[in-house]
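Below is one structure, written out as C-alpha coordinates, with a few remarks after it.
To find a chain, count down the sequence lines: A is the first, B the second, and so on, and within it residues start at 1. On a predicted model such as this, the values are computed, not experimentally measured, just so you know.
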There are 2 protein chains.
Amino acid sequence: MVGRVPVSEATPGYELPLRLFAAFRAAIDEVHAELARRGHPDVRPMHGFVFQAIGTDGTTAVDLAARLGVTKQAAGKTIAALERQGYVERAADPGDARRKTVRLTARGVEVLALSARVFDQVQDRWAAVIGADRLAALHTDLAAVAPGELFRLDAPGWFGADR
Amino acid sequence: MVGRVPVSEATPGYELPLRLFAAFRAAIDEVHAELARRGHPDVRPMHGFVFQAIGTDGTTAVDLAARLGVTKQAAGKTIAALERQGYVERAADPGDARRKTVRLTARGVEVLALSARVFDQVQDRWAAVIGADRLAALHTDLAAVAPGELFRLDAPGWFGADR
DNA sequence: CCATATAGTAAACCTGGTTGTCGATCTTGG
DNA sequence: CCAAGATCGACAACCAGGTTTACTATATGG
(Lines give C-alpha, C1' and ligand atoms only; values in the text may rest on other atoms or scores of the structure.)
Protein backbone atom coordinates (compact mmCIF):
# COMPACT_ATOMS: atom_id res chain seq x y z
CA MET A 1 0.00 0.00 0.00
CA VAL A 2 1.49 3.28 -1.10
CA GLY A 3 0.40 6.85 -0.76
CA ARG A 4 -1.05 8.91 2.03
CA VAL A 5 -2.59 7.21 4.97
CA PRO A 6 -6.33 7.84 5.11
CA VAL A 7 -7.67 9.24 8.36
CA SER A 8 -9.84 6.18 8.69
CA GLU A 9 -6.85 4.11 9.65
CA ALA A 10 -6.43 6.23 12.74
CA THR A 11 -10.05 6.39 13.88
CA PRO A 12 -13.08 4.47 12.76
CA GLY A 13 -15.26 6.73 10.66
CA TYR A 14 -18.40 6.13 12.65
CA GLU A 15 -16.91 7.77 15.68
CA LEU A 16 -17.02 11.37 14.56
CA PRO A 17 -20.74 11.33 13.79
CA LEU A 18 -21.34 9.94 17.25
CA ARG A 19 -19.25 12.70 18.73
CA LEU A 20 -21.17 15.29 16.77
CA PHE A 21 -24.39 13.90 18.06
CA ALA A 22 -23.15 13.63 21.62
CA ALA A 23 -22.06 17.26 21.60
CA PHE A 24 -25.36 18.33 20.10
CA ARG A 25 -27.19 16.45 22.80
CA ALA A 26 -25.04 17.83 25.55
CA ALA A 27 -25.78 21.40 24.49
CA ILE A 28 -29.50 20.83 24.11
CA ASP A 29 -29.80 18.94 27.38
CA GLU A 30 -27.97 21.66 29.23
CA VAL A 31 -30.19 24.39 27.87
CA HIS A 32 -33.36 22.54 28.73
CA ALA A 33 -32.19 21.61 32.18
CA GLU A 34 -31.68 25.29 32.82
CA LEU A 35 -35.04 26.20 31.29
CA ALA A 36 -36.71 23.68 33.58
CA ARG A 37 -34.89 25.16 36.55
CA ARG A 38 -36.05 28.63 35.61
CA GLY A 39 -39.73 27.88 35.53
CA HIS A 40 -40.22 26.30 32.12
CA PRO A 41 -40.16 22.56 32.72
CA ASP A 42 -42.64 21.92 29.93
CA VAL A 43 -40.49 23.27 27.15
CA ARG A 44 -39.31 20.30 25.14
CA PRO A 45 -35.97 20.16 23.39
CA MET A 46 -37.20 21.09 19.96
CA HIS A 47 -39.39 23.92 21.18
CA GLY A 48 -36.41 26.18 21.53
CA PHE A 49 -35.83 25.79 17.83
CA VAL A 50 -39.49 26.24 17.11
CA PHE A 51 -39.43 29.50 19.04
CA GLN A 52 -36.38 30.51 17.08
CA ALA A 53 -38.18 29.67 13.85
CA ILE A 54 -41.25 31.66 14.86
CA GLY A 55 -39.11 34.59 15.84
CA THR A 56 -40.35 37.83 17.28
CA ASP A 57 -42.18 38.70 14.08
CA GLY A 58 -44.49 35.72 14.05
CA THR A 59 -45.21 33.33 11.23
CA THR A 60 -47.87 30.99 9.90
CA ALA A 61 -48.34 27.24 10.27
CA VAL A 62 -47.39 26.51 6.68
CA ASP A 63 -44.32 28.69 6.84
CA LEU A 64 -43.25 27.20 10.15
CA ALA A 65 -43.69 23.71 8.72
CA ALA A 66 -41.48 24.59 5.78
CA ARG A 67 -38.77 25.96 8.04
CA LEU A 68 -38.82 22.94 10.28
CA GLY A 69 -39.06 20.45 7.47
CA VAL A 70 -42.24 18.79 8.70
CA THR A 71 -45.78 18.66 7.38
CA LYS A 72 -48.08 21.55 8.12
CA GLN A 73 -50.22 19.21 10.19
CA ALA A 74 -47.31 18.39 12.44
CA ALA A 75 -46.49 22.07 12.75
CA GLY A 76 -50.15 22.69 13.55
CA LYS A 77 -50.02 20.17 16.38
CA THR A 78 -46.92 21.74 17.81
CA ILE A 79 -48.46 25.17 17.61
CA ALA A 80 -51.61 23.93 19.30
CA ALA A 81 -49.55 22.43 22.10
CA LEU A 82 -47.52 25.58 22.57
CA GLU A 83 -50.71 27.62 22.54
CA ARG A 84 -52.17 25.41 25.25
CA GLN A 85 -49.09 26.06 27.34
CA GLY A 86 -49.29 29.77 26.79
CA TYR A 87 -46.14 30.22 24.74
CA VAL A 88 -47.74 31.32 21.48
CA GLU A 89 -51.03 32.81 20.39
CA ARG A 90 -52.86 32.75 17.10
CA ALA A 91 -54.47 35.80 15.59
CA ALA A 92 -56.44 36.27 12.40
CA ASP A 93 -54.51 37.83 9.57
CA PRO A 94 -56.29 41.07 8.58
CA GLY A 95 -55.16 40.80 4.97
CA ASP A 96 -55.94 37.14 4.38
CA ALA A 97 -58.80 35.38 6.11
CA ARG A 98 -57.27 31.97 5.57
CA ARG A 99 -54.14 32.76 7.48
CA LYS A 100 -53.64 32.84 11.19
CA THR A 101 -50.53 34.54 12.39
CA VAL A 102 -48.69 32.65 15.10
CA ARG A 103 -46.93 34.94 17.50
CA LEU A 104 -44.92 34.39 20.67
CA THR A 105 -46.58 35.54 23.86
CA ALA A 106 -44.62 37.45 26.47
CA ARG A 107 -43.92 34.12 28.11
CA GLY A 108 -42.75 32.74 24.78
CA VAL A 109 -40.43 35.67 24.20
CA GLU A 110 -39.08 35.13 27.68
CA VAL A 111 -38.20 31.51 26.88
CA LEU A 112 -36.68 32.54 23.58
CA ALA A 113 -34.46 35.10 25.27
CA LEU A 114 -33.59 32.78 28.12
CA SER A 115 -32.71 29.89 25.87
CA ALA A 116 -30.63 32.17 23.66
CA ARG A 117 -28.78 33.30 26.75
CA VAL A 118 -28.12 29.76 27.94
CA PHE A 119 -26.99 28.68 24.48
CA ASP A 120 -24.54 31.55 24.56
CA GLN A 121 -23.34 30.49 27.98
CA VAL A 122 -22.76 26.96 26.75
CA GLN A 123 -20.85 28.26 23.79
CA ASP A 124 -18.72 30.50 25.99
CA ARG A 125 -17.99 27.60 28.28
CA TRP A 126 -16.96 25.49 25.33
CA ALA A 127 -14.75 28.34 24.17
CA ALA A 128 -13.12 28.35 27.57
CA VAL A 129 -12.42 24.64 27.30
CA ILE A 130 -11.05 24.42 23.79
CA GLY A 131 -10.22 28.04 23.06
CA ALA A 132 -12.10 30.63 21.06
CA ASP A 133 -10.05 29.97 17.95
CA ARG A 134 -10.85 26.26 18.02
CA LEU A 135 -14.53 27.04 18.53
CA ALA A 136 -14.51 29.32 15.53
CA ALA A 137 -12.78 26.59 13.56
CA LEU A 138 -15.52 24.20 14.63
CA HIS A 139 -18.08 26.55 13.13
CA THR A 140 -16.35 27.06 9.84
CA ASP A 141 -15.29 23.43 9.43
CA LEU A 142 -18.75 22.10 10.08
CA ALA A 143 -20.24 24.64 7.72
CA ALA A 144 -17.74 23.58 5.06
CA VAL A 145 -18.43 19.92 5.55
CA ALA A 146 -22.20 20.06 5.84
CA PRO A 147 -23.47 23.16 4.14
CA GLY A 148 -27.11 23.86 3.55
CA GLU A 149 -30.21 24.58 5.52
CA LEU A 150 -29.55 24.80 9.21
CA PHE A 151 -33.10 24.51 10.39
CA ARG A 152 -33.95 21.04 9.20
CA LEU A 153 -35.39 19.68 12.36
CA ASP A 154 -37.52 16.89 11.01
CA ALA A 155 -35.94 14.83 13.71
CA PRO A 156 -38.76 13.86 16.01
CA GLY A 157 -38.43 11.56 18.93
CA TRP A 158 -35.92 12.29 21.62
CA PHE A 159 -36.99 15.65 20.68
CA GLY A 160 -40.41 15.11 21.99
CA ALA A 161 -42.75 17.94 21.27
CA ASP A 162 -46.42 18.52 21.93
CA ARG A 163 -48.04 16.97 24.94
CA MET B 1 -18.16 46.67 29.36
CA VAL B 2 -14.59 45.67 29.92
CA GLY B 3 -12.74 42.44 29.41
CA ARG B 4 -12.72 39.79 26.70
CA VAL B 5 -15.53 39.63 24.23
CA PRO B 6 -17.57 36.47 24.61
CA VAL B 7 -17.90 34.33 21.53
CA SER B 8 -21.63 34.71 21.71
CA GLU B 9 -21.39 38.25 20.48
CA ALA B 10 -19.98 36.98 17.24
CA THR B 11 -22.37 34.09 16.61
CA PRO B 12 -25.62 33.19 18.31
CA GLY B 13 -25.04 30.22 20.54
CA TYR B 14 -27.82 28.13 19.09
CA GLU B 15 -26.07 27.94 15.76
CA LEU B 16 -23.28 25.56 16.66
CA PRO B 17 -25.61 22.86 17.96
CA LEU B 18 -27.55 23.10 14.73
CA ARG B 19 -24.35 22.74 12.78
CA LEU B 20 -23.38 19.72 14.84
CA PHE B 21 -26.69 18.14 14.12
CA ALA B 22 -26.61 19.02 10.44
CA ALA B 23 -23.19 17.44 10.05
CA PHE B 24 -24.31 14.37 11.95
CA ARG B 25 -27.29 14.06 9.68
CA ALA B 26 -25.27 14.58 6.56
CA ALA B 27 -22.93 11.75 7.47
CA ILE B 28 -25.70 9.35 8.42
CA ASP B 29 -27.78 10.17 5.37
CA GLU B 30 -24.83 9.63 3.09
CA VAL B 31 -24.03 6.25 4.57
CA HIS B 32 -27.57 5.04 4.29
CA ALA B 33 -28.03 6.33 0.78
CA GLU B 34 -25.02 4.24 -0.17
CA LEU B 35 -26.31 1.21 1.76
CA ALA B 36 -29.59 1.50 -0.09
CA ARG B 37 -27.76 1.71 -3.40
CA ARG B 38 -25.77 -1.39 -2.50
CA GLY B 39 -28.70 -3.66 -1.87
CA HIS B 40 -29.71 -2.76 1.66
CA PRO B 41 -32.55 -0.29 1.32
CA ASP B 42 -34.23 -1.56 4.48
CA VAL B 43 -31.42 -0.66 6.81
CA ARG B 44 -32.60 2.31 8.83
CA PRO B 45 -30.29 5.03 10.09
CA MET B 46 -29.85 3.72 13.57
CA HIS B 47 -29.33 0.12 12.50
CA GLY B 48 -25.75 0.86 11.59
CA PHE B 49 -25.11 1.76 15.18
CA VAL B 50 -27.07 -1.23 16.36
CA PHE B 51 -24.87 -3.45 14.22
CA GLN B 52 -21.86 -1.71 15.63
CA ALA B 53 -23.18 -2.31 19.14
CA ILE B 54 -23.83 -5.99 18.45
CA GLY B 55 -20.40 -6.39 16.97
CA THR B 56 -18.99 -9.56 15.50
CA ASP B 57 -19.05 -11.31 18.86
CA GLY B 58 -22.76 -11.06 19.41
CA THR B 59 -24.57 -9.86 22.48
CA THR B 60 -27.88 -10.23 24.30
CA ALA B 61 -31.01 -8.13 24.30
CA VAL B 62 -30.41 -6.72 27.76
CA ASP B 63 -26.83 -5.86 27.00
CA LEU B 64 -27.75 -4.26 23.72
CA ALA B 65 -30.43 -2.22 25.44
CA ALA B 66 -27.91 -0.95 27.96
CA ARG B 67 -25.49 0.04 25.24
CA LEU B 68 -28.12 1.87 23.26
CA GLY B 69 -29.72 3.48 26.27
CA VAL B 70 -33.19 2.12 25.63
CA THR B 71 -35.38 -0.39 27.44
CA LYS B 72 -34.81 -4.06 26.82
CA GLN B 73 -38.25 -4.22 25.23
CA ALA B 74 -37.32 -1.62 22.67
CA ALA B 75 -34.08 -3.46 21.99
CA GLY B 76 -36.10 -6.66 21.65
CA LYS B 77 -38.34 -5.06 19.03
CA THR B 78 -35.35 -3.85 17.07
CA ILE B 79 -33.76 -7.28 17.23
CA ALA B 80 -36.98 -8.91 16.08
CA ALA B 81 -37.18 -6.54 13.13
CA LEU B 82 -33.57 -7.14 12.15
CA GLU B 83 -34.11 -10.87 12.50
CA ARG B 84 -37.11 -10.67 10.18
CA GLN B 85 -34.91 -8.93 7.65
CA GLY B 86 -32.20 -11.49 7.96
CA TYR B 87 -29.51 -9.31 9.47
CA VAL B 88 -29.27 -11.02 12.86
CA GLU B 89 -30.12 -14.41 14.30
CA ARG B 90 -30.85 -15.56 17.81
CA ALA B 91 -29.40 -18.68 19.31
CA ALA B 92 -29.86 -20.27 22.69
CA ASP B 93 -27.02 -19.71 25.11
CA PRO B 94 -25.61 -23.13 26.08
CA GLY B 95 -24.56 -21.91 29.51
CA ASP B 96 -27.74 -20.06 30.46
CA ALA B 97 -31.15 -21.16 29.26
CA ARG B 98 -32.62 -17.70 29.83
CA ARG B 99 -30.26 -15.99 27.46
CA LYS B 100 -30.41 -15.84 23.73
CA THR B 101 -27.31 -14.68 21.99
CA VAL B 102 -27.92 -12.25 19.20
CA ARG B 103 -25.44 -12.58 16.42
CA LEU B 104 -25.02 -10.91 13.05
CA THR B 105 -25.71 -13.11 10.04
CA ALA B 106 -23.38 -13.07 7.07
CA ARG B 107 -25.65 -10.45 5.58
CA GLY B 108 -25.44 -8.46 8.80
CA VAL B 109 -21.67 -8.61 8.86
CA GLU B 110 -21.70 -7.46 5.26
CA VAL B 111 -23.71 -4.38 6.16
CA LEU B 112 -21.49 -3.71 9.15
CA ALA B 113 -18.39 -3.84 6.99
CA LEU B 114 -19.97 -1.84 4.20
CA SER B 115 -21.23 0.87 6.50
CA ALA B 116 -17.87 1.06 8.23
CA ARG B 117 -16.27 1.50 4.84
CA VAL B 118 -18.65 4.25 3.82
CA PHE B 119 -18.24 6.03 7.14
CA ASP B 120 -14.52 5.95 6.52
CA GLN B 121 -15.04 7.35 3.05
CA VAL B 122 -17.12 10.18 4.41
CA GLN B 123 -14.49 10.94 6.97
CA ASP B 124 -11.76 10.90 4.33
CA ARG B 125 -13.79 13.24 2.16
CA TRP B 126 -14.26 15.58 5.08
CA ALA B 127 -10.54 15.45 5.71
CA ALA B 128 -9.96 16.43 2.10
CA VAL B 129 -12.27 19.42 2.54
CA ILE B 130 -11.03 20.83 5.82
CA GLY B 131 -7.67 19.11 6.16
CA ALA B 132 -6.65 16.12 8.22
CA ASP B 133 -5.37 18.29 11.06
CA ARG B 134 -8.67 20.11 11.35
CA LEU B 135 -10.53 16.84 11.32
CA ALA B 136 -8.36 15.54 14.13
CA ALA B 137 -9.03 18.77 16.01
CA LEU B 138 -12.74 18.21 15.51
CA HIS B 139 -12.40 14.86 17.20
CA THR B 140 -10.41 16.04 20.17
CA ASP B 141 -12.38 19.25 20.66
CA LEU B 142 -15.72 17.50 20.61
CA ALA B 143 -14.43 14.88 22.98
CA ALA B 144 -13.21 17.62 25.30
CA VAL B 145 -16.47 19.50 25.18
CA ALA B 146 -18.85 16.57 25.44
CA PRO B 147 -17.07 13.68 27.10
CA GLY B 148 -18.83 10.52 28.15
CA GLU B 149 -20.56 7.57 26.62
CA LEU B 150 -20.52 7.69 22.87
CA PHE B 151 -23.20 5.13 22.27
CA ARG B 152 -26.15 6.88 23.81
CA LEU B 153 -28.55 6.52 20.98
CA ASP B 154 -31.81 6.82 22.85
CA ALA B 155 -32.80 9.21 20.12
CA PRO B 156 -35.67 7.58 18.32
CA GLY B 157 -37.61 9.20 15.55
CA TRP B 158 -35.90 10.41 12.44
CA PHE B 159 -33.90 7.44 13.25
CA GLY B 160 -36.66 5.12 12.49
CA ALA B 161 -35.98 1.57 13.36
CA ASP B 162 -38.01 -1.59 13.14
CA ARG B 163 -40.65 -2.07 10.51
C1' DC C 1 -34.58 -25.26 49.30
C1' DC C 2 -36.41 -21.16 48.93
C1' DA C 3 -36.03 -15.99 48.05
C1' DT C 4 -34.52 -12.99 45.01
C1' DA C 5 -32.57 -11.40 40.74
C1' DT C 6 -32.24 -11.68 35.76
C1' DA C 7 -33.46 -12.76 30.53
C1' DG C 8 -36.86 -12.53 27.43
C1' DT C 9 -41.60 -11.58 25.81
C1' DA C 10 -46.16 -9.57 25.30
C1' DA C 11 -49.86 -6.17 25.82
C1' DA C 12 -51.49 -1.65 26.54
C1' DC C 13 -50.49 2.92 26.12
C1' DC C 14 -48.25 7.51 24.61
C1' DT C 15 -46.04 10.68 21.66
C1' DG C 16 -45.58 12.64 17.54
C1' DG C 17 -45.09 12.14 13.12
C1' DT C 18 -47.65 11.06 8.17
C1' DT C 19 -51.34 10.72 4.56
C1' DG C 20 -55.82 11.81 3.09
C1' DT C 21 -59.61 14.76 3.06
C1' DC C 22 -62.19 18.77 3.64
C1' DG C 23 -64.16 23.65 3.77
C1' DA C 24 -62.96 28.30 3.34
C1' DT C 25 -60.60 31.83 1.08
C1' DC C 26 -57.46 33.92 -2.19
C1' DT C 27 -55.82 34.46 -7.10
C1' DT C 28 -55.72 34.19 -11.86
C1' DG C 29 -57.14 33.73 -16.72
C1' DG C 30 -60.65 33.81 -20.04
C1' DC D 1 -66.90 39.05 -13.51
C1' DC D 2 -66.57 34.60 -12.56
C1' DA D 3 -65.05 29.85 -12.69
C1' DA D 4 -60.88 26.99 -11.97
C1' DG D 5 -57.26 26.19 -9.34
C1' DA D 6 -54.10 27.08 -5.56
C1' DT D 7 -53.38 27.85 -0.65
C1' DC D 8 -54.35 27.87 4.47
C1' DG D 9 -55.76 25.60 8.32
C1' DA D 10 -58.16 21.75 10.47
C1' DC D 11 -59.69 16.93 11.45
C1' DA D 12 -59.43 11.95 11.29
C1' DA D 13 -57.16 7.76 10.63
C1' DC D 14 -53.04 5.49 10.71
C1' DC D 15 -48.25 4.24 11.89
C1' DA D 16 -43.65 3.96 14.06
C1' DG D 17 -41.22 3.34 17.88
C1' DG D 18 -40.64 4.17 22.21
C1' DT D 19 -42.30 3.24 27.61
C1' DT D 20 -44.74 0.97 31.48
C1' DT D 21 -46.54 -2.91 33.43
C1' DA D 22 -46.88 -7.67 33.97
C1' DC D 23 -45.72 -12.28 33.32
C1' DT D 24 -42.83 -16.76 32.74
C1' DA D 25 -38.67 -19.30 32.96
C1' DT D 26 -34.25 -19.84 34.65
C1' DA D 27 -30.12 -18.85 37.85
C1' DT D 28 -28.05 -18.05 42.03
C1' DG D 29 -26.91 -17.42 46.83
C1' DG D 30 -27.88 -17.62 51.79
### Task
Specify the separation, in whole Å, of atom NZ of B:Lys77 and atom C1' of C:dA7.
18 Å
### Query
Can you list the residues that meet the ring-ring contact (aromatic ring centres under 6.0 Å, His included) rule with A:Phe51, with sequence neighbours excluded?
A:Tyr87
### Message
I need the CZ-P distance between A:Arg44 and D:dG18, as an integer number of Å.
### Response
16 Å
Sub-3.5 Å pairs of nitrogen or oxygen atoms, protein against nucleotides 5-9 of chain D:
| residue | atom | partner | partner atom | Å |
| --- | --- | --- | --- | --- |
| D:dT7 | O2 | A:Arg98 | NH1 | 2.9 |
| D:dG9 | OP1 | A:Lys100 | N | 3.0 |
| D:dG9 | OP1 | A:Lys100 | O | 3.3 |
| D:dG9 | OP2 | A:Ala61 | N | 3.3 |
| D:dG9 | OP2 | A:Val62 | N | 3.0 |
| D:dG9 | N7 | A:Lys72 | NZ | 2.8 |
| D:dG9 | O6 | A:Lys72 | NZ | 3.0 |

### Query
Which nucleotide sits closest to the side chain of A:Thr71: C:dC26, D:dT19, C:dT18?
C:dT18
### Query
Taking CD from A:Gln85 and P from C:dT15, how many angstroms apart are they, rounded to a whole number?
12 Å
## Note on the structure
From CD of B:Gln73 across to P of D:dT24 the rounded distance in Å is 16 Å
## Note on the structure
Heavy atoms of A:Leu64 and A:Ile54 approach each other most closely as CD1-CG1, 4.0 Å
### Task
State, to 0.1 Å, how close A:Gly55 and A:Leu104 come at their nearest heavy-atom pair, and which atoms those are.
O-CD1, 3.6 Å
### Distance, rounded to the nearest Å, where A:Leu82 contributes CG and C:dT15 contributes C1'
15 Å
### Task
Using a 4.5 Å cut-off on heavy atoms from C-beta on, say whether the side chain of B:Arg134 contacts that of A:Thr140.
yes
### Query
Sequence neighbours excluded, which residues qualify as side chain to side chain donor-acceptor pair (under 3.5 Å) partners of B:Thr59?
B:Asp63
### Task
Give, for atom NE2 of A:His40 and atom CZ of A:Arg38, the distance between the pair rounded to the nearest 0.5 Å.
9.0 Å
